[in-house]
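Beneath this line is the structure, given in structure tokens, with notes to follow.
Values in this document were obtained by computation on a predicted structure and should not be read as measured data.
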Amino acid sequence: MRTLAITQNITVDGSVEMITDWFDPQGQAGEDMSDVLEESHRQDDRADALLLGRRTFEDFRGYWPLQTDDPTGITAYLDRVAKYVVSSSLTDPGWQNSTVLKGDPVEEVRRLKAEEGGKDIVLTGSITLAHALIAAGLVDEYRLFVYPTVQGRGRGLFPDGYEVPRLRLLESRAFRSGITLQRYAPA
């Protein structure tokens with residue numbers, strides 16, 4: 001069975017929703033983000049599928065394919081990885097290597113996870129979809145890039161009222177920028 005990992009950028013106060021400018025997809029201005037980018041590429045090497053909700057997919061599609069001089073390598077990765085977008089309204093994804101999943105998101109992801117021989121499936125952004133998959137118990141790992149900022153508002157990673165009695169820490173790592181990586185799995 002394939003691993004479903006949620007990789008999220010998150011503030012110290014637990015917000016994954018980017019209401020203010022605490023996150024820049026190509027690096028924080030003036031910060032040495034090379035070690036964060038290196039970790040991101042290490043995770044990309046372990047994955048062959050990116051799972052997105054429609055809004056996040058449209059945000060990605062409207063930004064990344066237009067980056068013609070991207071020294072981060074993120075554009076190249078996103079162009080080649082298999083992208084799965086959960087949507088009941090999208091018909092043509094309009095981005096190479098993209099597939100629209102129109103059925104029940106939980107069942108569609110169960111099917112993807114059951115595929116033999118695949119690498120990790122990574123969900124990023126897509127808060128509504130993340131909430132549904134967390135509530136369904138389908139998430140195998142949480143990879144949280146914690147930014148040293150407090151936004152004071154915004155939706156969190158976990159659905160309201162959802163409890164996880166205990167998570168098992170897999171890794172904790174600090175980067176030069178003050179960002180930390182916290183990797184957890186359900187205990």
Write down the atom of [X], the atom of [Y], and the distance for their closest heavy-atom approach.
| X | Y | answer |
| --- | --- | --- |
| Leu78 | Phe60 | CD1-CD2, 4.2 Å |
| Pro105 | Leu129 | CB-CD1, 3.9 Å |
| Thr91 | Val100 | O-CG2, 4.2 Å |
| Val12 | Pro148 | CG2-CA, 3.9 Å |
| Ala136 | Arg110 | O-NH2, 4.1 Å |
| Asp140 | Ala185 | O-CB, 3.6 Å |

What's the spacing between [X] [atom1] and [Y] [atom2] if we round to 0.5 Å?
| X | Y | atom1 | atom2 | result |
| --- | --- | --- | --- | --- |
| Leu138 | Leu123 | CG | CG | 11.0 Å |
| Thr7 | Leu144 | OG1 | CG | 8.5 Å |
| Ser40 | Phe145 | OG | CZ | 5.5 Å |
| Thr3 | Asp120 | OG1 | CG | 5.0 Å |
| Ser98 | Leu90 | OG | CG | 9.0 Å |
| Asn9 | Leu157 | CG | CG | 11.5 Å |

**OP:** Before giving the answer on salt bridge (Lys or Arg N to Asp or Glu O under 4.0 Å), spell out for Arg80 and Asp44 the whole-Å C-alpha distance, their side-chain angles and the decisive distance to 0.1 Å.
**Re:** CA-CA 11 Å; Arg80 74 176 174 268; Asp44 292 347; over 6 Å; no
Backbone of [Y] reached by a side-chain donor or acceptor of [X] within 3.5 Å:
| X | Y | result |
| --- | --- | --- |
| Glu115 | Arg111 | no |
| Glu17 | Gly154 | no |
| Ser87 | Ser89 | yes |
| His131 | Gly156 | yes |
| Ser126 | Leu52 | no |
| Gln8 | Gly125 | yes |
| Arg61 | Pro93 | yes |

**OP:** Tell me, with the steps shown, if Trp95 and Phe57 meet ring pair (Phe, Tyr, Trp, His ring centres under 6.0 Å).
**Re:** CA-CA 10 Å; Trp95 192 5; Phe57 177 83; 5.7 Å; yes
Original post:
Can we say Glu58 and Arg54 salt-bridge, meaning some charged N sits less than 4.0 Å from an Asp/Glu carboxylate O?
Top reply: yes
Find out if a path of hydrophobic residues (ILVMFWY) with successive side-chain heavy-atom gaps under 4.5 Å connects [X] to [Y].
| X | Y | answer |
| --- | --- | --- |
| Leu169 | Tyr142 | yes |
| Trp22 | Val150 | no |
| Val146 | Leu170 | no |
| Leu112 | Val85 | no |
| Val16 | Val36 | no |

**OP:** Would you please name every residue forming a ring pair (Phe, Tyr, Trp, His ring centres under 6.0 Å) with Tyr162, sequence neighbours left out?
**Re:**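 Ring pair (Phe, Tyr, Trp, His ring centres under 6.0 Å) check on Tyr162 returns nothing, list empty.
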Using a distance-only test with no angle check, is there a side-chain donor-acceptor pair under 3.5 angstrom linking [X] and [Y]?
| X | Y | value |
| --- | --- | --- |
| Thr11 | Gln151 | no |
| Asp79 | Trp64 | no |
| Ser172 | Gln182 | yes |

**OP:** Quick one: do Arg143 and Ile6 satisfy side chain to side chain contact (heavy atoms under 4.5 Å, CB included)? Show the steps, please.
**Re:** CA-CA 6 Å; Arg143 300 172 185 166; Ile6 290 182; over 6 Å; no
Original post:
When you look at Leu50 and Tyr84, which way does the side chain to side chain contact (heavy atoms under 4.5 Å, CB included) test go after all the steps?
Top reply: CA-CA 6 Å; Leu50 178 65; Tyr84 296 92; over 6 Å; no
**OP:** Check step by step if side chain to side chain contact (heavy atoms under 4.5 Å, CB included) holds for Tyr77 and Thr72.
**Re:** CA-CA 10 Å; Tyr77 170 74; Thr72 67; over 6 Å; no
Original post:
Is any side-chain heavy atom of Leu51 less than 4.5 Å from a side-chain heavy atom of Val109?
Top reply: yes
Original post:
Are more than 12 heavy atoms from other residues, nucleotides or ligands located less than 6.0 Å from atom CZ of Arg55?
Top reply: no
Original post:
Pairs in or reaching into residues 83-95: which pass salt bridge (charged side-chain N to carboxylate O under 4.0 Å, His left out), with residues at least two apart or in two chains?
Top reply: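 Pairs touching residues 83-95 that pass the test: none.
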Original post:
Any salt bridge (charged side-chain N to carboxylate O under 4.0 Å, His left out) pairs touching residues 167-183, not counting sequence neighbours?
Top reply: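 Passing the test, one end in residues 167-183: Asp32-Arg176, Asp35-Arg176, Glu39-Arg173, Arg42-Glu171, Glu141-Arg183, Glu171-Arg183.
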Subject >> Residues which pass side chain to side chain contact (heavy atoms under 4.5 Å, CB included) with Lys119, listed by chain and number, not counting sequence neighbours >> reply: Asp48
Subject >> For Arg153, salt bridge (Lys or Arg N to Asp or Glu O under 4.0 Å) partners two or more places apart >> reply: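 Once residues adjacent in sequence are excluded, Arg153 has no partner under the salt bridge (Lys or Arg N to Asp or Glu O under 4.0 Å) criterion.
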Original post:
For Asp104, which residues count as a salt bridge (Lys or Arg N to Asp or Glu O under 4.0 Å) partner, sequence neighbours excluded?
Top reply: none
Original post:
Quick one: are the ring centres of Phe175 and Tyr147 less than 6.0 Å apart?
Top reply: no
**OP:** Would you check, one step at a time, whether the test side chain to side chain contact (heavy atoms under 4.5 Å, CB included) holds for Arg46 with Val122?
**Re:** CA-CA 10 Å; Arg46 294 175 37 198; Val122 174; over 6 Å; no
Original post:
For Thr75, which of Thr68, Asp69, Asp70 qualifies under side chain to side chain donor-acceptor pair (under 3.5 Å)?
Top reply: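 Between Thr75 and the candidates, side chain to side chain donor-acceptor pair (under 3.5 Å) is satisfied uniquely by Asp70.
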